Amino acid sequence: MARDRLTSILVPVDDSEGASRAAHFAGKLAADLGVELQLIHVFRRDAGDSFATQYLGTNEKKSDHMGVDVFAELEHKKSRGIFKQAKKQLDRLTGLKIKEVLLQGDAAAAILDYAGKQKSPLIVVGRRGKSELSELLMGSVSQELVHEAECPVTVVN
């Protein structure tokens, strides 16, 4: 990677403030360098019945009766909102090529897998505001990306 020219910037987005800051930083960098910006959102597939409760306020009893089609539509609806929110950080940038990428699975693993298939990417990720105890017990996506990625990773505070 050291000698390869950067071809794209990958920025994982969700509805957090950290992701918004990362999208803004990554967008400015992508515009300055003339590279593609890829907004990435990851859905956990093991969320099961709690998915509807977490994302749309559906009660657990109703989510028991939802089929795969309903969850796919919920994923699509939520991702549209997240991508729209991230793009608000990029409104003033001109000439920026943006690609939306929706992945499924464990966030860090999905991002690492996707990044590994790209040619010379840079990952720009927001730092979550987890408590020190939570980070010690569970770690964070940004920490895992920094330690496991085979490409450069920038963490935005």
Side-chain angles (χ1 to χ4, degrees), residues 1-48 50-52 54-57 66-130 138-157:
M1 169 69 201
R3 296 181 186 193
D4 293 339
R5 184 182 183 284
L6 181 70
T7 58
S8 61
I9 298 176
L10 316 179
V11 59
V13 294
D14 57 18
D15 53 4
S16 70
E17 182 62 33
S20 291
R21 286 192 301 271
H24 179 72
F25 177 84
K28 286 177 26 179
L29 186 58
D32 288 346
L33 297 175
V35 299
E36 180 181 62
L37 178 67
Q38 296 186 31
L39 302 175
I40 300 174
H41 183 67
V42 183
F43 278 101
R44 293 187 61 97
R45 290 309 280 167
D46 61 353
S50 67
F51 176 84
Q54 178 183 357
Y55 289 109
L56 296 177
M66 293 180 169
V68 174
D69 299 1
V70 174
F71 282 108
E73 178 56 34
L74 295 177
E75 288 177 352
H76 184 67
K77 182 177 180 181
K78 181 64 177 177
S79 66
R80 279 192 316 253
I82 288 172
F83 289 136
K84 183 177 179 181
Q85 178 181 335
K87 285 180 176 180
K88 284 182 183 178
Q89 301 299 319
L90 311 170
D91 280 347
R92 295 190 180 120
L93 302 174
T94 58
L96 187 59
K97 181 178 177 188
I98 301 171
K99 177 180 179 180
E100 297 175 359
V101 179
L102 184 59
L103 304 174
Q104 298 173 345
D106 173 74
I111 294 163
L112 289 168
D113 181 60
Y114 183 79
K117 296 174 182 172
Q118 306 304 302
K119 183 180 182 223
S120 302
L122 164 68
I123 300 172
V124 175
V125 64
R127 183 180 171 278
R128 284 261 180 179
K130 289 184 176 182
M138 299 184 325
S140 71
V141 172
S142 60
Q143 285 179 332
E144 193 168 342
L145 293 176
V146 166
H147 292 290
E148 301 296 328
E150 294 182 12
C151 64
V153 177
T154 298
V155 179
V156 178
N157 282 320

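Source: prediction; values computed, not measured.
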**Student:** Rounded to the nearest 0.5 Å, how far does OG of S142 lie from CG of N157?
**Tutor:** 9.0 Å
**Student:** If you measure from NZ on K99 to CD1 on I9, what distance do you get to the nearest 0.5 Å?
**Tutor:** 14.5 Å
**Student:** Mind listing the closest non-hydrogen atom pair of T7 and P121 along with its distance?
**Tutor:** OG1-N, 4.5 Å
**Student:** In chain order, what residues pass the side chain to side chain donor-acceptor pair (under 3.5 Å) check against E100, with sequence neighbours excluded?
**Tutor:** K87
**Student:** What I want to find out is whether E17 reaches R21 closely enough, with some N-O distance under 4.0 Å, to be called a salt bridge.
**Tutor:** yes
**Student:** If you take all heavy atoms of G27 and L90, which pair is closest and at what distance?
**Tutor:** CA-CD2, 3.6 Å
**Student:** Taking only residues two or more places apart in sequence, or in another chain, which ones meet R80 in a side chain to side chain donor-acceptor pair (under 3.5 Å)?
**Tutor:** H76
**Student:** Of all the heavy-atom pairs spanning V125 and V153, show the shortest one and how long it is.
**Tutor:** CG1-CG1, 4.1 Å
**Student:** How far apart are the closest heavy atoms of Q89 and S20, and which atoms are they?
**Tutor:** CG-O, 3.5 Å
**Student:** Could you tell me if the side chain of D106 sits less than 4.5 Å from the side chain of V42, heavy atoms only?
**Tutor:** no
**Student:** For the CG atom of L145 and the CG atom of L10, what is their distance to the nearest 0.5 Å?
**Tutor:** 10.0 Å
**Student:** For a side-chain contact (heavy atoms from CB on, under 4.5 Å) check, start with the C-alpha distance between F25 and T154, then their side-chain angles and the critical distance, and finish with the verdict.
**Tutor:** CA-CA 10 Å; F25 177 84; T154 298; 4.0 Å; yes
**Student:** Test side-chain contact (heavy atoms from CB on, under 4.5 Å) on L93 and L37; report intermediate values, then the result.
**Tutor:** CA-CA 12 Å; L93 302 174; L37 178 67; over 6 Å; no
**Student:** Could you report the tightest heavy-atom contact between A23 and V13, atom names first, then the distance?
**Tutor:** CB-CG1, 4.4 Å
**Student:** Using 0.5 Å steps for rounding, measure from the CD atom of Q85 to the CG atom of L39.
**Tutor:** 11.0 Å
**Student:** Of all residues at least two apart in sequence or in a different chain, which pass the salt bridge (Lys or Arg N to Asp or Glu O under 4.0 Å) check with K97?
**Tutor:** E36
**Student:** Residues in side chain to side chain contact (heavy atoms under 4.5 Å, CB included) with E148, at least two apart?
**Tutor:** L112, E144
**Student:** Quick one: list whatever passes side chain to side chain contact (heavy atoms under 4.5 Å, CB included) with A22, sequence neighbours left out.
**Tutor:** V11, V124, V156
**Student:** Who are the side chain to side chain contact (heavy atoms under 4.5 Å, CB included) partners of L102, not counting sequence neighbours?
**Tutor:** H41, F43, S79
**Student:** Within this structure, what is the CD1-CD distance for the pair I123 and Q118, rounded to the nearest 0.5 Å?
**Tutor:** 10.0 Å
**Student:** Holding to side chain to side chain donor-acceptor pair (under 3.5 Å), I want the full list of residues that pass it with S16, two or more places apart in sequence or in another chain.
**Tutor:** D14
**Student:** Would you call P152 and L122 a side-chain contact if the rule is heavy atoms closer than 4.5 Å?
**Tutor:** yes
**Student:** Suppose we screen for salt bridge (Lys or Arg N to Asp or Glu O under 4.0 Å). Which residues come up paired with K117, at least two apart in sequence or across chains?
**Tutor:** D113
